[in-house]
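Note sheet for the following structure.
For the numbers below, each heavy atom of this structure counts, side chains included, while hydrogens, waters and symmetry mates do not.
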Amino acid sequence: MNNKRENFSGIIKNVWFGIKISFLASKFYFSMKLIILLSTTAMPLLNIWLWKEVLNGITSFGQNAEHIVLCLCIYILLLLSSHLLFRFDSYVDDRYTDELIFYMEKMMMEKTAKMDLSFFDSAKMGDKVKHTRGSFVVVMNMSWVVFDIISAVINVAATLAIVCAYKWWLGLVTLLLLVPYMLYNKKHTEKRLRMEKEQVRDNRKMEYYRDVFFNNDVQFEVKLHNTGDYFIAKYKDLWKKLYRINKAEDIKHSVLNTLITIVNVSSEFLVLTMSAFDVFGGIIGIGDLQYNLSMVTRLREQAGLLTQKINHFLNDNAKLLELQEFMDMEPKTEKSGTLKPSNNPKIEFCNVSFRYPNSEEYVLKNCSFAIEPHEKIGLIGLNGAGKSTIIKLMFRFYDPEEGCIKLDGVDIREYDVYAVRKIFGVLFQDYVTYCLPLREIIALSDFGERFNEEKLKKACDISGASDVIKDWEDGFDSVLGRNYADNGKDLSGGQWQLVGLARAYFKDSEYMILDEPSAALDPISEDRIFEKLYRLSEGKSSVTISHRLSNTTLADKILVIGDGHIVEQGSHFELLKQNGKYAELFRLQASKYV
């Protein structure tokens with residue numbers, strides 16, 4: 001009993017959620033849809049009654065001609081109004097759908113922007129987002145389904161009363177003949193919902209294989225290795241699999257639905273036969289025959305519609321529950337403390353252990369070190385050693401599984417997470433390329449200053465990006481990338497890295513984080529960048545990750561990471577004297593240049 005009460009309470013909660021979102025998305029079009037719905041509920045019943053009066057009047061040889069003409073005029077007027085209302089309803093639907101999808105997309109973007117980075121590491125969460133975005137229309141439908149159910153209930157009650165007034169048992173027989181249809185429709189709707197959920201992952205895979213052909217970054221390798229047929233075959237195999245499953249279900253549904261429909265419409269044959277005998281017996285007129293048949297047909301259709309709407313309601317309720325669960329999700333690491341960090345804090349890793357979500361292998365294990373204010377750090381290690389992970393933990397993209405990170409002796413979780421990130425200027429190894437005007441790409445690190453020409457020029461001069469843009473006619477207003485701009489500038493990997501570096505410098509932070517800042521650069525650009533890095537960052541802190549150890553020789557302290565923790569630390573010359581891992585790596589690289 002408690003479970004039923006909870007389920008009913010949950011349904012009511014979801015209905016209210018759907019109606020509230022529908023109303024907030026567009027109050028005007030929501031009101032218009034409601035008015036149209038109420039109007040279309042009454043018109044058909046009135047039209048059927050008017051046509052009965054017209055037919056009976058005609059077959060009685062023109063008796064009460066004024067009444068016939070009046071009914072006919074009202075009937076034609078309502079018929080015309082119905083057509084106009086249908087056209088207006090189509091327009092309202094289009095406009096309302098546009099506004100609702102915009103409102104929901106904006107809500108999803110705002111929600112996703114606040115989610116933890118770990119959210120994006122989960123394929124299961126990807127399925128959830130995909131399924132949730134596919135449920136946007138459910139929010140709109142939920143409101144109309146509720147109103148449609150109310151309308152159908154009114155129609156069923158009214159037509160049942162009219163049919164029973166003719167033959168009381170005929171209405172009951174009509175409803176009984178609908179039972180097989182009701183039961184089957186419910187079962188089929190539930191199965192379709194289950195199949196939809198089961199096919200989400202395969203549909204996502206199909207989209208992935210398809211989108212390869214529309215991804216400019218991937219097309220180079222697709223053409224180089226001639227792998228187009230491979231992706232097409234993958235797409236085709238999944239399409240065939242889903243087509244086979246859905247086709248089998250559609251055939252089965254068509255056969256069963258046809259048989260049930262034959263049972264369902266037998267009530268109309270029954271009323272037609274009985275009314276015909278009554279017409280021959282002089283009990284009723286031709287108009288009454290048409291009226292009885294129309295009412296039984298409408299009773300059957302409205303009862304069937306009511307069944308469909310209730311099943312769709314329960315179906316949409318399940319989808320709406322997923323949408324509401326997504327909107328109710330709260331970030332963990334994105335939850336902020338209240339403290340504001342200094343511009344150049346001391347950073348301490350205290351026995352930090354960490355592994356990525358859905359992974360059993362630890363990237364860091366009992367990792368401890370300290371970075372003093374104004375200290376220049378070189379962070380080195382083999383691929384996968386955890387260098388970039390340390391940076392992500394500093395930014396609180398993730399929280400440690402064990403241990404803690406401190407800023408100026410205070411747990412980093414006590415600080416406002418966005419204030420913490422604001423103190424760092426950063427260029428990641430996997431720098432992002434945007435299709436935007438250059439000034440906006442550079443100013444994304446401090447967007448309020450995007451029209452500060454002097455600051456933009458300084459950042460480009462320091463990074464070396466000035467050499468790239470010096471001959472551009474539109475200068476900082478030039479669009480980079482060709483996703484949507486025909487005349488967009490197409491940069492090389494090294495040039496994109498210079499732009500990313502300009503974005504890091506544009507922030508003018510006291511703390512600079514550079515993760516492989518020269519990976520795509522030529523030796524001259526690389527040497528200039530690091531010379532400027534150490535010259536311009538006097539009195540500031542910096543952490544530089546680089547596989548080229550020559551770039552970290554001027555660091556105040558070098559941290560060597562291995563086996564998930566710091567295995568060596570010291571200056572370049574101190575580590576060479578230790579003759580450990582750093583010395584081995586440095587001599588290995590140096591030998592290649594001799």
Side-chain angles (χ1 to χ4, degrees), residues 10-43 81-115 119 125-152 189 192-193 196 200 203-204 207 211 214 305 308-331 434-436 440 447 483-484:
I11 290 172
I12 296 300
K13 182 181 178 182
N14 282 343
V15 170
W16 174 244
F17 173 76
I19 293 176
K20 182 176 71 173
I21 294 296
S22 299
F23 179 70
L24 292 175
S26 177
K27 298 174 183 177
F28 174 75
Y29 288 117
F30 180 92
S31 302
M32 288 295 98
K33 283 291 292 181
L34 183 58
I35 292 171
I36 292 169
L37 181 64
L38 294 175
S39 300
T40 53
T41 301
M43 280 184 175
S81 299
S82 296
H83 287 298
L84 294 175
L85 200 59
F86 175 77
R87 298 298 177 191
F88 181 63
D89 188 37
S90 297
Y91 170 79
V92 170
D93 270 346
D94 291 340
R95 300 286 67 76
Y96 181 70
T97 300
D98 287 343
E99 294 199 18
L100 177 65
I101 290 176
F102 168 75
Y103 183 82
M104 291 301 301
E105 287 282 15
K106 185 167 73 72
M107 277 182 60
M108 288 247 352
M109 288 189 288
E110 290 170 348
K111 186 69 178 180
T112 306
K114 299 295 183 183
M115 296 306 295
F119 174 86
M125 284 295 102
D127 290 345
K128 193 175 190 70
V129 171
K130 170 70 177 174
H131 205 240
T132 300
R133 292 189 69 198
S135 300
F136 284 174
V137 71
V138 172
V139 177
M140 179 177 65
N141 286 346
M142 178 61 81
S143 303
W144 309 137
V145 167
V146 171
F147 294 133
D148 284 346
I149 288 175
I150 295 172
S151 173
T189 303
R192 272 298 182 189
L193 177 61
E196 183 181 327
V200 166
N203 279 315
R204 286 187 65 211
E207 287 183 10
D211 291 346
F214 306 100
L305 181 64
Q308 288 181 356
K309 293 300 180 182
I310 290 174
N311 287 333
H312 286 163
F313 172 81
L314 296 174
N315 185 6
D316 288 351
N317 181 66
K319 291 182 179 179
L320 197 63
L321 183 61
E322 291 182 345
L323 177 60
Q324 190 167 353
E325 285 175 353
F326 177 80
M327 299 308 297
D328 288 342
M329 288 177 67
E330 292 293 339
Y434 297 94
C435 189
L436 294 168
E440 294 184 10
F447 202 67
N483 294 60
Y484 60 80

N/O donor to acceptor pairs below 3.5 angstrom from side-chain atoms of residues 23-33, sequence neighbours left out:
from : atom 1 : to  : atom 2 : distance (Å)
S26  : OG     : Y29 : N      : 3.4
S26  : OG     : E99 : OE1    : 3.1
S31  : OG     : K27 : O      : 2.9
K33  : NZ     : D89 : OD1    : 3.0
K33  : NZ     : D93 : OD1    : 2.7

Interatomic distance, CD1@I35 vs CZ@F88, rounded to 0.5 Å, equals 8.5 Å

Examine R87 relative to Y91 and say whether NZ or CZ is less than 6.0 Å from the centre of the six-membered ring and inside a 45° cone about the ring axis. no

